[in-house]
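Taking it in order: structure first as structure tokens, then the write-up.
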There are 2 protein chains.
Amino acid sequence: MSNKHFNQLSRRERQIVDVLYREGEATVAEVRAAIPDPPGYSAVRALLGVLEEKGHVKHRRHGRQYLYRPTVSRSQARRAALKHVVRTFFDDSVEDVVAALMSIKSTQISAEEYKRLSKLIESERNKRGQR
Amino acid sequence: MSNKHFNQLSRRERQIVDVLYREGEATVAEVRAAIPDPPGYSAVRALLGVLEEKGHVKHRRHGRQYLYRPTVSRSQARRAALKHVVRTFFDDSVEDVVAALMSIKSTQISAEEYKRLSKLIESERNKRGQR
DNA sequence: AAGGATATGCTAAAATTTTAGCATACGCAG
DNA sequence: CTGCGTATGCTAAAATTTTAGCATATCCTT
């Protein structure tokens with residue numbers, strides 16, 4: 001990801017790449033429907049073309065449509081994105097992130113999920129205990 | 001934050017705003033030192049000027065220097081940023097985020113911190129239990 | 001004092017991004 | 001079949017972003 005770093009993306013490029021990560025892959029029309037204050041169809045197409053030239057996305061033909069997807073895997077991109085947010089806004093504090101997550105998502109977390117979260121922390125802690 | 005949404009920021013604008021959130025506030029020279037592949041001093045200055053015109057940052061004089069800071073509070077910005085990452089890359093799954101955090105930071109989390117994380121989850125769960 | 005480093009005020013040009021539109025093709029409904 | 005909607009191929013212009021540089025001022029070191 002040396003030359004595919006997300007801080008290299010321009011405004012529209014970033015909006016588009018975000019949509020592609022969220023959806024997995026998308027047609028021009030789908031991308032257009034998902035970006036804020038969208039330009040015309042051909043503008044979105046041209047932007048996807050530019051992103052492809054730069055190597056950030058690639059397309060495959062699906063019927064008569066092109067389906068675009070990011071070239072960097074989602075798992076890689078998410079790590080990078082999360083790291084960046086933790087560093088920029090949370091002083092690298094895991095606790096602060098988790099606290100913010102709880103705050104943001106508090107009405108949506110089920111009892112089951114809390115249980116799973118506890119288990120996850122516990123198992124990571126044990127992993128560490130073994131080191 | 002209606003018109004101060006981060007997906008409105010251009011490439012350099014975003015790089016600069018990120019630095020300001022990371023550092024809290026900064027001079028032109030500090031911003032310049034912190035952004036990737038920096039242009040000259042006057043270019044950075046001009047960008048900060050543009051960001052100020054757009055209302056994303058403001059400055060105060062500190063001796064003969066200007067100190068710039070973001071207009072949107074860090075706590076607000078971090079919530080928005082985290083929400084965006086969770087949605088874009090983690091399908092809104094808190095668990096997946098926490099798992100990724102653990103994975104990214106595993107060698108840096110102390111036993112104490114694991115304890116505090118557990119407590120945090122537990123206390124959030126109890127809060128929810130009361131509802 | 002002089003010179004160099006570092007700061008702002010101001011302007012404009014270079015570079016990049018964003019946008020639209022024409023031509024053509026294909027699919028579908030009436 | 002026709003017409004409309006939707007798709008790509010291709011091009012270029014409009015809009016925005018990015019960059020530099022001149023003039024002036026201030027601070028610090030020699």
Side-chain angles (χ1 to χ4, degrees), chain A residues 2-21 23-72, chain B residues 2-21 23-72:
Chain A
S2 51
N3 61 330
K4 310 254 175 344
H5 205 287
F6 293 106
N7 68 18
Q8 305 274 60
L9 297 176
S10 68
R11 186 175 68 98
R12 279 292 190 208
E13 286 172 346
R14 191 175 193 122
Q15 287 170 4
I16 287 171
V17 166
D18 280 355
V19 169
L20 294 180
Y21 277 114
E23 306 298 332
E25 64 184 353
T27 61
V28 177
E30 285 166 346
V31 168
R32 181 164 180 260
I35 58 175
D37 194 34
Y41 185 93
S42 67
V44 177
R45 224 169 74 237
L47 284 164
L48 282 160
V50 168
L51 279 166
E52 185 151 21
E53 268 167 42
K54 290 185 184 180
H56 292 293
V57 308
K58 65 195 165 192
H59 77 266
R60 61 179 176 103
R61 186 172 269 282
H62 179 69
R64 68 167 184 158
Q65 295 182 307
Y66 283 4
L67 273 175
Y68 292 88
R69 66 166 51 247
T71 50
V72 174
Chain B
S2 51
N3 60 331
K4 309 254 177 342
H5 205 285
F6 293 106
N7 68 17
Q8 304 275 60
L9 296 177
S10 69
R11 185 174 70 96
R12 278 293 190 207
E13 287 174 344
R14 192 177 192 121
Q15 286 169 1
I16 288 171
V17 166
D18 279 356
V19 169
L20 294 180
Y21 277 116
E23 305 296 332
E25 64 184 355
T27 61
V28 176
E30 285 165 347
V31 168
R32 180 163 181 260
I35 57 176
D37 194 33
Y41 185 93
S42 68
V44 178
R45 226 171 69 238
L47 283 164
L48 282 160
V50 167
L51 278 168
E52 185 152 21
E53 268 166 41
K54 290 184 179 180
H56 292 294
V57 309
K58 65 196 164 188
H59 76 266
R60 63 182 174 99
R61 186 171 268 281
H62 180 68
R64 69 168 184 158
Q65 294 182 309
Y66 284 4
L67 273 175
Y68 292 87
R69 65 164 53 244
T71 50
V72 174

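Bear in mind that the values here come from a model prediction, so they are computed numbers and not experimental data. Here is how names work: the chains are called A, B, and so on, in the same order as the sequence lines, proteins then strands, and each is numbered from 1.
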Review point. Would you say A/V17 and A/L9 make side-chain contact, with heavy atoms under 4.5 Å?
Key: yes
**Study point:** Toward the 5' end of DNA chain C, by each residue's nearest nucleotide, A/R64 or A/L47
**Key:** A/L47
Practice item. Specify the separation, in whole Å, of atom CD of A/E52 and atom P of C/dT17. Key: 17 Å
Exercise for review: Can you tell me the distance, in whole Å, between the CZ atom of A/R14 and the P atom of D/dT16?
Suggested key: 21 Å
Check your understanding: Do any side-chain nitrogens or oxygens of B/Y41 fall under 4.0 Å of OP1 or OP2 in D/dG21?
Key -> no
Exercise for review: Rounded to the nearest angstrom, tell me the gap between atom CD in B/Q8 and atom C1' in C/dT18.
Suggested key: 14 Å
Practice item. Determine the contact category for A/S10: base if any of its heavy atoms lies under 4.0 Å from a base atom, sugar-phosphate if only primed atoms, P, OP1 or OP2 are that close, otherwise nothing. Key: sugar-phosphate
Point to revise | Protein-nucleotide distance (A/H62, atom NE2; C/dG27, atom P), rounded to Å | key: 13 Å
**Study point:** Value in whole Å for how far the C1' atom of D/dT8 lies from NE2 of A/H59
**Key:** 10 Å
Check your understanding: Between D/dT8 atom P and A/E30 atom CD, what is the distance in whole Å?
Key -> 11 Å
Point to revise | For atom CZ of A/R60 and atom P of D/dT8, their distance in whole Å | key: 13 Å
Revision key, fill the gap. note: A/R61, atom CZ; C/dA25, atom P; distance rounded to Å ~ 14 Å
Exercise for review: Please tell me which of B/A29 and A/G40 maps to the more 5' nucleotide of DNA chain C, matching each residue to the nucleotide holding its nearest heavy atom.
Suggested key: B/A29
Review point. Should A/R61 and A/Y66 count as side-chain neighbours, where that means a heavy-atom distance under 4.5 Å?
Key: yes
Point to revise | Where A/T71 and A/G55 come nearest, the two heavy atoms and their spacing | key: OG1-O, 2.7 Å
Revision key, fill the gap. Side-chain contact check for A/R11: nearest option of D/dA20, C/dG9, C/dT18 is C/dT18
Exercise for review: Output the single nucleotide from C/dA20, D/dT18, D/dA7 whose closest atom is nearest the side chain of B/R12.
Suggested key: D/dT18
Exercise for review: Grab the two heavy atoms, one from A/V19 and one from A/I35, that are nearest each other, plus how far apart they are.
Suggested key: CG2-CG2, 3.8 Å
Review point. How about A/L48 and A/H59: do any of their side-chain heavy atoms sit closer than 4.5 Å?
Key: no
Practice item. Taking only the side-chain nitrogens and oxygens of A/K54, find out if one of them lies under 4.0 Å from OP1 or OP2 of C/dT16. Key: no
Check your understanding: What does B/V44 touch in the nucleic acid at a heavy-atom separation under 4.0 angstrom: a base, only the sugar-phosphate, or nothing?
Key -> nothing
Review point. Which one, C/dT8, D/dT8, D/dA20, comes nearest to the side chain of A/R45?
Key: D/dT8
